[in-house]
Amino acid sequence: MKPYRIPQLAKPYTDYDMIQRHAELPPFPDVRGHLLYIFLNHGASGPQHNGELYTLVTTLVQLGLDTHEVIDRSNGDSDKDTMRSRQLKVLAGDYFSSWFYQLLAKSEQIEMVGTLSTAIAELNVMKANLYSKMRRMLLTAEQYLRHTVQLNMQLFLSFTPLIEESVADLWQSLLREFCHCETVVMELRRSVEPTGAIDGYCYLHLLNAVTEDEKPLLQNQNIDHRDWKKLTMKYKCDSLLKDKLHQSVETIQGILQGVKDESLIKELSAVLDRFLLQMKITGQAAGEG
């Protein structure tokens, strides 16, 4: 198997000065991409010559979808820089996502264009259903987290029919746990500032946990940073999420201990090591069990 190099291959499609200067993009879906690459290339029946292409286009689509998710949708007055950032994120998300069709068509992978297009359409329906439930306040924090993890898995799950049957269950189990880890890390990051945390895990957790006297603070979406910090500390939002992160990492380690193929476990362990290193670099402490 060729070394994993999807982030490097994606750079010509994602690195533009205008976008970098004026819009903060979400993280590249590196862990999910690495997992997909490993499993697509595992075993004699895997489409080895297309594994890299399929992984590249899927991560570009995911980055495009994630870029649209971080667009500031606040209704208040926006300054020039905010408006420019918003517009660039819309354009960047569309641009990243559009590459899948061109790259697959160029390689005559027309059937895969249809497969990925169907997966994107299904993902958009799932998102619409989630947003509808959130607007009607029908979700608890735990339900929101489960739905978000499923959304983050969805594009990658569309490749399950191409993965060797003997490792398909392993693929899905690891994808779920790594998506859970990535989602929890994202929620930890967005919970730092109240403006970014609205409708996220911590916000929903607080809605259910706070006293009646404290609820008006949350109903005001311009909640002061100090008030937000007091509530998140009082109701242990960070601790809850970090506990979930520890549990998922331990679950992944347990799953890997059951893998008998030495080559496969070496590759999968590298994914976990890379993820843990990224968390240390970004200041998130997960521990290794």
Side-chain angles (χ1 to χ4, degrees), residues 24 26-27 29 31-32 62 65-76 86 89 93 122-155 157 175-251 279 282-286:
E24 184 177 351
V31 171
R32 281 166 286 172
Q62 186 66 59
L65 295 171
D66 291 344
T67 301
H68 284 160
E69 287 301 304
V70 298
I71 295 170
D72 179 9
R73 293 178 172 82
S74 58
N75 296 322
R86 188 180 295 169
K89 285 176 182 175
E122 291 173 351
L123 178 59
N124 287 331
V125 170
M126 291 172 65
K127 279 187 179 180
N129 291 335
L130 174 61
Y131 297 155
S132 175
K133 289 178 180 178
M134 290 173 66
R135 281 195 301 270
R136 290 179 288 157
M137 305 300 291
L138 297 179
L139 291 178
T140 65
E142 299 303 326
Q143 289 170 331
Y144 159 80
L145 191 62
R146 286 197 297 272
H147 280 288
T148 305
V149 170
Q150 188 63 42
L151 284 176
N152 290 336
M153 294 174 62
Q154 201 62 28
L155 275 187
L157 281 175
L175 179 64
R176 178 172 296 280
E177 290 302 328
F178 273 112
C179 279
H180 188 266
C181 286
E182 287 186 309
T183 304
V184 169
V185 169
M186 178 192 71
E187 292 297 324
L188 277 165
R189 288 173 182 162
R190 69 181 293 196
S191 69
V192 174
E193 294 292 337
T195 51
I198 298 300
D199 295 332
Y201 178 90
C202 285
Y203 182 78
L204 293 172
H205 170 68
L206 289 174
L207 277 179
N208 187 58
V210 298
T211 65
E212 288 299 320
D213 290 339
E214 293 167 330
K215 274 191 177 177
L217 291 172
L218 293 174
Q219 290 164 352
N220 174 16
Q221 296 203 349
N222 293 317
I223 180 173
D224 180 77
H225 176 80
R226 286 173 297 179
D227 290 333
W228 173 257
K229 196 68 178 175
K230 288 177 184 176
L231 290 177
T232 55
M233 290 179 67
K234 178 179 178 180
Y235 294 101
K236 299 180 170 59
C237 289
D238 276 14
S239 296
L240 284 171
L241 286 169
K242 286 179 180 178
D243 285 347
K244 291 178 182 297
L245 197 51
H246 278 289
Q247 291 165 10
S248 267
V249 169
E250 288 176 357
T251 299
M279 286 201 301
T282 57
Q284 302 292 357

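None of these values were measured; they are calculated from a predicted model. Worth knowing before you read on, the calculation uses all heavy atoms, side chains too, and leaves out hydrogens, waters and symmetry mates.
Partners of Arg32 according to the salt bridge (charged side-chain N to carboxylate O under 4.0 Å, His left out) rule, which considers only residues two or more places apart in sequence or in another chain, are Glu182. Take Ser191 and apply the side-chain contact (heavy atoms from CB on, under 4.5 Å) test, not counting sequence neighbours, and it matches Cys202, Asp238. Evaluation of the side-chain contact (heavy atoms from CB on, under 4.5 Å) rule for Arg226 yields Asp224 as partners, not counting sequence neighbours. In terms of the side-chain hydrogen bond (donor to acceptor under 3.5 Å, both in side chains) criterion, residue partners of Arg190 (sequence neighbours excluded) are, by chain and number, Tyr144, Glu187. Looking at residues two or more places apart in sequence or on another chain, you find no salt bridge (charged side-chain N to carboxylate O under 4.0 Å, His left out) involving Glu122. Here Glu193 pairs with nothing under the salt bridge (charged side-chain N to carboxylate O under 4.0 Å, His left out) rule; sequence neighbours left out.
Ion pairing of Lys244 with Glu142 is present here, as a side-chain N (NZ or NE/NH1/NH2) and a carboxylate O approach within less than 4.0 Å.
The closest donor-acceptor contact from the side chain of Thr232 to the backbone of Trp228 lies under 3.5 Å. Remark: side-chain polar atoms of Glu250 are not paired, donor with acceptor, to backbone N or O of Gln247 under 3.5 angstrom. No donor-acceptor distance shorter than 3.5 angstrom exists from the side chain of Gln154 to the backbone of Leu151, with no hydrogens or angles considered.
Around atom CE of Met233, no more than 12 heavy atoms belonging to other residues, nucleotides or ligands sit under 6.0 Å away.
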- Task: List the steps and the verdict of side-chain contact (heavy atoms from CB on, under 4.5 Å) for Thr140 and Leu145.
- Result: CA-CA 9 Å; Thr140 65; Leu145 191 62; over 6 Å; no

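Among Asn208, Leu240, Val210, the single residue meeting the side-chain contact (heavy atoms from CB on, under 4.5 Å) criterion with Tyr235 is Val210.
Interatomic distance, Leu206 CG to Leu217 CG, rounded to the nearest 0.5 Å: 10.5 Å.
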